[in-house]
Amino acid sequence: QVQLVESGGGSVQSGGSLRLSCAASGFTYSRYCLAWFRQAPGKEREGVARIDSVGIPSYADSVKGRFTISRDNDKRTLYLQMNSLQPEDTAMYYCAAALFCSNLIGGNWGQGTQVTVSS
């Protein structure tokens, strides 16, 4: 059974940092594309960053230069290092996994972890 469990969310002031983690189980982790999405109240879900099975990352323009996605295949854990956080980064953050990056929306998802940035 596929399971993704996010952690590391919290409340920080503008300019602060957080590191999110997503622990995975129940699938061949190293072969999967992994990603972070976020959704703020009243807004559509937004892709934040993704990393494919060979470790190539890509980012939304809104987070480039501030967020770093990484994966540890031995620990079966996905990370999102978030620096220079701004109030507009406030959202529920979800990790997702799929065999192909093009299938992330329909793939497996965690329950989310809340990030709140105050000005």
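Just so you know, residue 1 is the first one in the sequence shown, and it goes up from there.
Atoms OG and CD, from S119 and E88 in turn, are 10.0 Å apart once rounded to the nearest 0.5 Å. Atom-to-atom distance recorded for R76:CZ and S25:OG is 6.5 Å, nearest 0.5 angstrom. Annotation: the span from R19 atom CZ to L80 atom CG amounts to 10.5 Å, rounded to 0.5 Å. How far CH2 of W109 is from OH of Y94: 8.5 Å, rounded to the nearest 0.5 Å. One distance of note links CZ of F37 with CD1 of I105; it measures 4.0 Å at 0.5 Å rounding. Between the OG atom in S58 and the CG atom in D52 there is a gap of 8.0 Å [rounded to 0.5 Å].
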ask   = What's the verdict on side-chain contact (heavy atoms from CB on, under 4.5 Å) for V117 and Q13, showing C-alpha distance, side-chain angles and the deciding distance?
value = CA-CA 5 Å; V117 185; Q13 290 192 326; over 6 Å; no
query = So S7 and T113, side-chain contact (heavy atoms from CB on, under 4.5 Å) or not? Walk me through it.
reply = CA-CA 6 Å; S7 62; T113 186; 5.6 Å; no
message = Between D89 and R66, does the side-chain contact (heavy atoms from CB on, under 4.5 Å) criterion hold? Intermediate values first, please.
response = CA-CA 11 Å; D89 295 316; R66 300 188 299 124; 2.7 Å; yes
ask   = side-chain contact (heavy atoms from CB on, under 4.5 Å) between V2 and Y32: does it pass, once the steps are laid out?
value = CA-CA 12 Å; V2 174; Y32 273 59; 5.7 Å; no
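With hydrophobic clusters built from ILVMFWY side chains whose heavy atoms lie under 4.5 angstrom apart, L99 does not share a cluster with L104.
Side chain of S14 to backbone of S118: no donor-acceptor contact under 3.5 angstrom is found. A donor-acceptor pair under 3.5 Å links the side-chain atoms of E6 to the main chain of Q111, judged by distance alone.
The side-chain heavy atoms of D72 and Y79, taken from C-beta on, include a pair separated by under 4.5 Å. Using a 4.5 Å heavy-atom cutoff, the side chains of Q86 and S62 are not in contact. Proximity of V5 to C22: side-chain heavy atoms (C-beta onward) are nowhere separated by under 4.5 Å.
Of all heavy-atom pairs spanning G112 and M92, the tightest one is C-SD, 3.7 Å. Among all heavy-atom pairs drawn from R45 and Q39, the shortest one is N-NE2, 3.7 Å. Here the closest heavy-atom approach between residue G107 and residue A98 is recorded as CA-CB, 4.3 Å. In plain terms, the two heavy atoms of G47 and A60 that are nearest each other are O-CB, 3.4 Å. In plain terms, the two heavy atoms of S30 and S53 that are nearest each other are O-CB, 3.5 Å. Among all heavy-atom pairs drawn from L85 and L18, the shortest one is CD1-N, 3.8 Å.
Tested against L34 for a side-chain contact (heavy atoms from CB on, under 4.5 Å), the candidates L4, L78, T77 yield a single pass: L78. The side-chain contact (heavy atoms from CB on, under 4.5 Å) with M82 is formed by just one residue from the set I69, V12, L20; it is L20.
Ring-centre distance between F67 and Y59: not below the 6.0 Å cut-off.
Note that R71 lies outside the cation-pi zone of W36, set by a 6.0 Å cut-off to the ring centre and a 45° limit from the axis.
Summarising the local packing, CD of E46 is surrounded by more than 12 heavy atoms from other residues, nucleotides or ligands at distances under 6.0 Å.
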